[in-house]
Amino acid sequence: MTNIAKGLEGVLFTESKLTFINGTEGILTHLGIPIQEWAENSTFEELSLALLNGHLPTAAELAAFDAELKANRAIPEALISVIQAMPKGIHPMQALRTAVSYLGLLDPQAEDTSPEGRRAIATRMIAQFATIIAAINRAQDGQAIVAPRMDLTHAGNYLYMLSGKEPTAEQARLFDIALVLHVDHGMNASTFTAIATASTLSDMYSCITSAIGALKGPLHGGANEAVMDMLDEVGTPDKAEAYITKKLDNKEKIMGVGHRVYKYFDPRSRVLRDYAEHVANKEGKSNYYQILETIEKVVVDRIGAKGIYPNVDFYSGTVYSDLGIKKEFFTPIFALARISGWCASVIEYTRDNRLLRPDAVYTGERDAKYVKLQDRG
Ligand SMILES: CC(=O)SCCNC(=O)CCNC(=O)[C@H](O)C(C)(C)COP(=O)(O)OP(=O)(O)OC[C@H]1O[C@@H](n2cnc3c(N)ncnc32)[C@H](O)[C@@H]1OP(=O)(O)O
Ligand SMILES: O=C([O-])CC(=O)C(=O)O
């Protein structure tokens, strides 16, 4: 019997120095440093640069990268017009996919697939994703687009462009930590998609556009929005246990739990749970956090033995909600962070490129005859 690695589970197709995951113990490291340390000490800008460079940056390297990101925050007027002309009511991930593809049309360097070209485009895209997503949010709400500020951090500037108001230092830092937690995660579906596109020697915009499409699905990045839908459906904490018990009895999937690699708590979900609790405690516990606590308990009791535990998407939405981010934008926010991981992975892979081309076991007919259309029954 031929062995098929359905879902490519456990298949090793490349080497990488960026991210290590031990799914049974719930360990995640970037460049060997635990995710908890990155979350506590670092910033989105620093982790992005560290992954692009493959080492912890010096202060001078980080300052230069920060200045480069700031200098590239603005997006072309032509793209703003496209974002404003998009139909109302579309999903922001559809809008993001189109906007990034369009951005590629406006970049004279778009087709440069040299390592230096890919790197320059990566830096611009990392800077511009925040501006694009904030612009999509404002345009969809019928509001004027807010130009980026150059004196704020990447995270702080995003929140500023969203509301037109400068966030507090605590809000900016909380959002920064959420971004840090989402920057990279090994060979997840969207990174793999970006790499698969890159392996044909296609351009950065094509790689990232295809990655956005992969992240959008509810089994991957789209799960964070689906968790919020579930919380809204549950309504109040007293209904959570019965709701989730019924779903599990009916063998329905619970969003925000389960993972292809983690068979224990996703360490990012532990960091986010602490922040979700912190946020909920500010003005008395929010309903959302209490509902999630109950769902987590029932899931771990009932199906923890199958390796089903909360993943990164489980608690992130409650943190985002508190920052004034609407649930339709939770997955775009994921992309806002993951753009760095996608770019770093594409750059790493294409340094020693090999076309990705797996195979399937053919189970269809053999030696069949072509029957002319008019002779078919
Ligand atoms: C950022 C990210 O992408 S993190 C993941 C985000 N996705 C989600 O939160 C969506 C919900 N989760 C899922 O759909 C899955 O757990 C996935 C797709 C993430 C991973 O799934 P897989 O690795 O394919 O696991 P698989 O489907 O083989 O599940 C193994 C067992 O756990 C069960 N299971 C897996 N996930 C869940 C879930 N979310 N709820 C209930 N049961 C689950 C399966 O039914 C299966 O049970 P069985 O052995 O009795 O048939
Ligand atoms: O690694 C995965 O399969 C999904 C995930 O958690 C991520 O992309 O952050």
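Counting starts at 1 for both ligands and their atoms, following the listed order. Keep in mind it's a predicted model, so treat the numbers as computed, not measured. In what follows, every heavy atom counts, from backbone to side chain, and hydrogens, waters and symmetry copies are set aside.
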Side-chain ion pair, [X] and [Y], N-O less than 4.0 Å:
X: D176; Y: R173; result: yes
X: D151; Y: K70; result: no
X: R118; Y: D203; result: no
X: R149; Y: E166; result: yes
X: R268; Y: D313; result: no

Notebook entry, point to check: Looking only at protein heavy atoms, which one is nearest to atom 1 (O) of ligand 2, and how far off is it?
Noted result: H185 ND1, 2.7 Å
Margin query: Polar contacts were defined as any N/O atom of the residue lying under 3.5 Å from an N/O atom of the ligand; does this apply to D266 and ligand 2?
Written below: no
Checklist line | Near ligand 1, at a heavy-atom separation below 4.0 Å: residues by chain and residue number | finding: P218, L219, H220, A223, E252, K253, I254, M255, G256, V257, G258, H259, R260, I303, K306, I308, N311, V312, D313, F334
Next item on the list: Taking atom OH of Y243 as the centre, report whether more than 12 heavy atoms of other residues, nucleotides or ligands fall under 6.0 Å from it.
Entry: yes
Margin query: Check this for me: Q171, atom CD, are more than 12 non-hydrogen atoms of other residues, nucleotides or ligands nearer than 6.0 Å?
Written below: yes
Next item on the list: Would you confirm whether the ring centroid of F44 sits within less than 6.0 angstrom of the ring centroid of H182?
Entry: no
Item checked: From the candidates H182, M187, R338, H259, the one that places a heavy atom nearest atom 9 (O) of ligand 2 -> R338
Check: Are any of the heavy atoms in F334 under 4.0 Å away from ligand 2?
Finding: yes
Item checked: Numbering as shown, the atoms of ligand 2 that approach R268 to under 4.0 Å (heavy-atom distance) -> 5 (C), 6 (O), 7 (C), 9 (O)
